[in-house]
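The model shown is predicted, which means the values in this text are computed figures rather than measured ones. Each chain gets a letter, A, B and so on, in the order the sequences are listed, and its residues count up from 1.
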Amino acid sequence: MGIKIYNTLTRKKEDFVTIEPHKVRMYVCGPTVYSNAHIGHAMSSLVFDIIKRYLEYRGYSVNHVMNFTDVDDKIINRANQQGVDPFELAEGYIKEFRRHLADLNILPATFNPRATQEMPQILEMIQGLIDKGYAYPKDGDVYFRVTRDEDYGKLSGRKLDEMQAGARIDVDDRKEHPMDFALWKAAKPDEPAWDTAWGRGRPGWHIECSAMNLAHLGEQIDIHGGGNDLIFPHHENEIAQSESFTGKPFSRYWVHNGMLTLSGEKMSKSIGNLVSIDEFLSKHSASTLRLMVLNSGYRSPLTFNDEVIGAAEKGLERLRSALKPALPGASNTSEDVKKSLDEQIKKTRDAFIENMDDDFNSAGALGNLFDLVRVINQARADGASDEILKPAQAVLNELCGVFGLILEKETGEDQSAAPFIDYLVELRTEMRKQKLFAFSDQIRDRLSSMGIVLEDSKDGTTWHRA
RNA sequence: GGCGACGUGGCCAAGUGGCAAGGCAAGGGUCUGCAAAACCCUCAUCAGGGGUUCAAAUCCCCUCGUCGCCUCCA
């Protein structure tokens, strides 16, 4: 049994077989950097981060390329509005996006190419497509000739004649066919531009990805990913360009994540229902968002609302509850407890892999983790010692790590208060012995308001940060 | 209008032919001076209708509903 991946191209789950054994070439479409990223972007990056981590867990080495589109109409428009240089604008948002990825505990890609730094490859590809008759220059633009590409539309399941009925296609007399799309756009004065044989201009949106794939991953790749809103026209056009240029099948597996939805609608700039990444992270942890993503299928829409956020936060706490140490004075090292933990460890790992192998069914795999949590907590409640609990807790940590979840409290916490808290707890224990409950409760309340939670048990008191 | 996806308990969500995972919420209980945590117990027949099958949430058909793409979009 190996990994199966749902392939948008065939609309089926297929066995995952890479071009080179144990190596994955993965390209994921990154953002156009012209404004603040929102949590929909975060979701997409999280999905492919989880996929990458899992592939690595399963022994693959993943060459992961994600681009930044740093020259485009929207960037130019935004820069003009703000009276700033388009390249500087883009640069700023690239830095910001990189910071977001780090904040979200998303592993950096192997390489992040940018359109503006890939011009030679882009120009070479356009020229090649012209030479082969797949493209034609017209008034400084260069268009891709869709009618020349026999299987144009195969990814999105569209046919050229059907699309014309849609009537939402811009009429442009310069194009031979309404669906022809720009590989190169002539620049207006004052716009960023590069000099070429067919005129001064800039690349169209789709060509950069084709060129970057070719330059950094090769003619054929294993996984091409992105949001499902990119299927048409972006990925359709990428396939058309790349396969027309190389004459070979482009990507083996096309993987698309569903959209994040707010009150039933896709989060998008045009609707304006945005929650920025910074805004979210100012109130919740990165792992909270990650748990939300994990808890549903990556291809399905992700419901985003306060109730779901709250459930994810509580779910995280539950995962963390299993990592707590044994009860004070616990000494149960019986074979029964040990055996039930050992069995659950094996069961959990097997089921986790089985679920994740099945098109990255993280929601199912997460359920397996919660099963392990229950058994660990049962053992602890039965008085199991740390020594007995430790192996199961290690497996929980290991598998949460595959998900990219951070269970330990964020690092960098000031530990200098610990001895004082310990002393207060000690004092309070003495008060409770003397039944001075008013005082002992006061200590607990005050500590609680400072974010320190006390938990009493019959064998002693422990504390942790909320 | 075209293409596609989806509709599972109060909420989120797995499961896609053989007695419906998991999380959150809710109720009851154990423990506790109280609280918190943890543990135990309870809580759905899968939008509606028809069909195929020994057997369907799971396959087929129809109806209703929701969403996405077809224009920039993760």
Of all pairs that satisfy side-chain hydrogen bond (donor to acceptor under 3.5 Å, both in side chains), the ones with a partner from residues 387-407 of chain A, not counting sequence neighbours: A:Y57-A:E398, A:R349-A:E398
task: Go ahead and name the base partner of B:C64; Watson-Crick or wobble counts if both distances stay under 3.5 Å, otherwise write none.
output: B:G7
Upstream residue (5' side of RNA chain B) when A:D358 and A:N368 are each assigned their closest nucleotide: A:D358
query: Touch check for A:I231, heavy atoms < 4.0 angstrom, all strands: base, sugar-phosphate only, or nothing?
result: nothing
query: Applying a 3.5 Å limit to both distances, which nucleotide forms a Watson-Crick or G-U wobble pair with B:U71?
result: none
- prompt: NA contact type, A:H38, heavy-atom cut-off 4.0 Å: base, sugar-phosphate, or nothing?
  reply: base
Please tabulate, one pair per line, all N/O donor-acceptor pairs under 3.5 Å involving side-chain atoms of residues 433-444 of chain A, not counting sequence neighbours.
| residue | atom | partner | partner atom | Å |
| --- | --- | --- | --- | --- |
| A:S440 | OG | A:F437 | O | 3.1 |
| A:D441 | OD1 | A:R444 | NH2 | 3.4 |

message: Need one value for A:S448: base, sugar-phosphate or nothing, where a base atom within 4.0 Å counts as base even if backbone is also close, heavy atoms only.
response: nothing
- request: Hunt down the Watson-Crick or G-U wobble partner of B:U30, both distances under 3.5 Å, from any strand shown, or write none.
  value: B:A38
Indicate every side-chain donor-acceptor pair of residues 338-346 of chain A with a distance under 3.5 Å to a residue at least two apart or in another chain.
| residue | atom | partner | partner atom | Å |
| --- | --- | --- | --- | --- |
| A:S340 | OG | A:V337 | O | 3.1 |
| A:Q344 | NE2 | A:T348 | OG1 | 3.0 |
| A:K346 | NZ | A:D350 | OD2 | 2.8 |

Rounded distance (Å) that lies between atom C1' of B:C72 and atom CE of A:M259: 13 Å
message: Taking any heavy-atom pair under 4.0 Å as a contact, classify A:G157: base, sugar-phosphate, or nothing.
response: sugar-phosphate
- request: State the pairing partner of B:A21; accept Watson-Crick or G-U wobble contacts with both distances under 3.5 Å, and report none otherwise.
  value: none
message: Within this structure, what is the CD-CG distance for the pair A:E238 and A:N213, rounded to the nearest 0.5 Å?
response: 6.0 Å
message: With a 4.0 Å limit, can you tell me whether A:N361 has a side-chain N or O closer than that to the phosphate oxygens OP1/OP2 of B:G15?
response: yes
Between protein and nucleic acid, restricted to nucleotides 56-61 of chain B and to nitrogen or oxygen atoms under 3.5 Å apart, what atom pairs and distances do you find?
none

query: Taking a pair as Watson-Crick or G-U wobble with both distances under 3.5 Å, which nucleotide is matched to B:A44?
result: none
task: Quick one: label A:L291 by what it contacts on the DNA or RNA (base, sugar-phosphate, nothing), any heavy atom closer than 4.0 Å.
output: nothing
task: Mind checking A:M267 for me? I need base, sugar-phosphate or nothing, with any heavy atom below 4.0 Å counting as a touch.
output: base
query: For A:G297, which contact category applies under a 4.0 Å heavy-atom criterion: base, sugar-phosphate, or nothing?
result: sugar-phosphate
Any pair counted as ring-ring contact (aromatic ring centres under 6.0 Å, His included), so long as it reaches residues 388-407 of chain A, sequence neighbours left out: A:F352-A:F403
message: Within the 4.0 Å limit for protein heavy atoms, which parts of nucleotides 33-41 of chain B are touched? Write it as a string from 5' to 3', B for base, S for sugar-phosphate only, - for none.
response: BBBBSSSS-
